[in-house]
Amino acid sequence: MAWVYEVAEERPDGSRQTWAMKELRADSDDSHTLEEGRQLFRQEAEILVDLSHPNLPQVVAFFEEAGRSYLVMEFIYGESLEKRLERASAPLLEGEVLDWAIQVCEVLSYLHSRPTPVIFRDMKPSNIMVTPNGQIKLIDFGIARTYKAGKSKDTMTMGSENYAAPEQWGKAQTDPRADVYGLGATMYHLLTNVPPLPAFVPTPRVPIQQYNPAVTDATVSVVEKALAKDRNLRFDSAEAMRQALLQCLSKRDRRRIELRAQQPAATSPATTGAGHVQVSAMPTPARAQEPRATAVSPRQPVMRVESDAYSRVCPRCSTSNRAEARFCRGCGYSFVPAPPPVLAVVRPPGARWEYPLQDADVLLGRQGGEQPVDLDLGFYDPNGYVSRNHARITADNRRYHLTDLNSANGTYVNGERLAPHAPRLLRHGDKIRVGRVVLHFRIR
């Protein structure tokens with residue numbers, strides 16, 4: 001809803017200060033949408049101006065000029081976790097993800113403990129930045145809201161569909177547990193390089209270790225608890241989730257986190273006597289002192305114990321590999337089965353998630369048919385263009401066929417309408433239209 005600029009403040013003494021300036025977009029022809037945007041923009045400014053935390057950008061000015069609204073804040077040097085994923089093109093390291101998630105829990109605890117609690121409501125990789133020294137910054141409070149006791153549900157249903165808790169879809173008022181869900185969904189994406197299914201899709205999520213066997217059981221357990229659809233089964237606070245995440249770390253890494261927490265807080269941007277604002281860099285966290293290696297006398301026998309870590313034997317070349325290995329170090333054999341093809345939702349505009357075709361039989365449609373559907377498209381089909389039991393995808397030895405089930409509005413592949421009950425072989429890149437919903441068939 002806005003543009004963000006890197007701007008330079010030129011001061012009377014000749015010095016310059018870099019800021020980020022956010023400008024509300026004013027190019028919408030829809031006056032209702034524009035007014036809603038102004039309301040959210042003002043809300044973001046009102047929330048941020050009263051906050052001060054090392055993991056939040058400091059806001060220094062909010063003003064309107066010539067009918068446009070502007071927000072000036074601390075410029076953050078770094079990249080979003082979404083960009084980090086794109087650059088890696090692979091799951092990110094568990095240790096890094098745990099460190100970032102612990103920092104996010106710290107700032108969420110701060111937000112949730114304000115006199116009037118602030119619920120972020122839009123946790124996702126693109127809204128978390130990481131600086132070169134590993135510090136997290138939570139950005140974009142465009143849909144954050146303050147918690148109102150006794151309210152049954154939110155006025156507006158908002159959030160990014162892959163990461164929004166079930167209650168964000170108009171069923172209840174969001175509370176701190178919605179942010180716990182969003183962080184769990186974000187961790188799932190970072191650890192697998194696959195965004196989680198939206199909460200309104202009835203199909204179970206693919207287990208994290210099916211995508212990334214190197215992730216430990218302890219971390220998987222924390223993520224799964226955070227992603228519970230029933231919010232009463234999630235962590236009841238960000239602090240409770242933080243404590244659970246700390247237990248997933250090694251003793252050395254846990255000590256490093258504890259030492260970082262003991263460091264003096266970073267100096268937030270503060271207004272000087274001259275009315276200007278200066279930014280101080282976050283100090284580099286202290287590292288735990290590593291124990292010195294002890295020399296072993298050559299006269300003393302050194303016992304070598306076969307480690308259980310090399311317990312995975314390659315069926316092709318019999319080489320021993322680490323238990324968490326994805327490929328054999330001897331011949332390159334893959335211990336991980338090939339990931340299933342996916343149906344990526346590409347229309348309506350803004351939809352951005354994938355449905356993995358794990359099962360050999362997947363029924364597409366919406367609720368209320370003779371058979372329960374596997375991929376429920378009703379959320380995107382308010383006018384009922386998708387039949388209740390619309391089409392079926394079946395698999396045989398990694399070959400996938402699509403069959404129209406005599407739907408009212410037809411099933412199309414690359415613009416061609418399928419004859420009812422006549423299976424069509426799907427190929428990588430095929431575009432499937434079901435009612436007005438468009439799906440992209442991809443083999444990974």
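None of these values were measured; they are calculated from a predicted model. The chain is numbered in sequence order, starting from 1.
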The reported gap from NZ in Lys431 to CG in Asn414 (rounded to nearest 0.5 angstrom) is 8.5 Å
Looking only at heavy atoms, the pair that brings Leu191 and Thr219 closest together is CD1-CG2, 3.9 Å
Check Arg205 with Glu224, please: is the shortest side-chain N to carboxylate O separation under 4.0 Å?
yes
Looking only at side chains, do Asp376 and Gln367 share a donor and an acceptor under 3.5 Å apart?
yes
Taken to the nearest 0.5 Å, the spacing of Glu79 CD from Leu85 CG works out to 10.0 Å
Tell me whether the count of non-hydrogen atoms from other residues, nucleotides or ligands lying under 6.0 Å of NZ in Lys229 goes above 12.
yes
Any side-chain donor-acceptor pair under 3.5 Å between Gln243 and Glu239?
yes
Taking all heavy atoms of Thr403 and all of Pro423, pick out the closest pair and write down the distance.
OG1-CA, 3.5 Å
Quick check with a 6.0 Å cut-off and a 45 degree axis cone: is Arg436 positioned over the face of Tyr385's six-membered ring?
yes
Mark yes when over 12 heavy atoms from residues, nucleotides or ligands other than Asp396 sit less than 6.0 Å from its CG; otherwise mark no.
no
Heavy atoms from other residues, nucleotides or ligands near CZ of Arg399 exceed 12 (cutoff 6.0 Å):
no
Interatomic distance, CZ@Arg433 vs OG1@Thr411, rounded to 0.5 Å, equals 9.5 Å
For the residue pair Phe441 and Tyr400, categorise the inter-ring angle as parallel (less than 30°), tilted (30 to 60°) or perpendicular (more than 60°).
tilted
Should Ile432 and Leu402 count as side-chain neighbours, where that means a heavy-atom distance under 4.5 Å?
yes
Salt-bridge contact Arg177-Glu167 (side-chain N to carboxylate O under 4.0 Å)
no
Let me see the working for Arg398 and Ile443 under side chain to side chain contact (heavy atoms under 4.5 Å, CB included), right down to the final yes or no.
CA-CA 10 Å; Arg398 297 281 295 179; Ile443 298 175; 4.3 Å; yes
Taking the six-membered ring of Tyr110, is NZ or CZ of Arg114 closer than 6.0 Å to its centre and within 45° of its axis?
yes
In terms of side-chain heavy atoms, does Thr394 have a donor or acceptor partner in His401 at a distance below 3.5 Å?
no
Start with the C-alpha distance between His189 and Asn162, add both sets of side-chain angles, then the distance that settles side chain to side chain contact (heavy atoms under 4.5 Å, CB included), and finish with yes or no.
CA-CA 9 Å; His189 193 172; Asn162 297 83; over 6 Å; no
Distance-minimising heavy-atom pair for Ile139 and Pro57:
CG2-CG, 4.4 Å
Got a second to check how far Leu197's CG is from Glu161's CD, nearest 0.5 Å?
10.5 Å
Do Tyr5 and Glu23 get their side chains close enough for a donor-acceptor pair, meaning under 3.5 Å?
yes
Any salt bridge linking Asp99 with Arg256? Criterion: basic side-chain nitrogen under 4.0 Å from a carboxylate oxygen.
yes
More than 12 heavy atoms from other groups under 6.0 Å of CZ on Arg329
yes
For Asp179 and His112, does a side-chain donor sit closer than 3.5 Å to a side-chain acceptor?
yes
Which value, rounded to the nearest 0.5 Å, describes the distance between Leu81 atom CG and Arg87 atom CZ?
11.0 Å
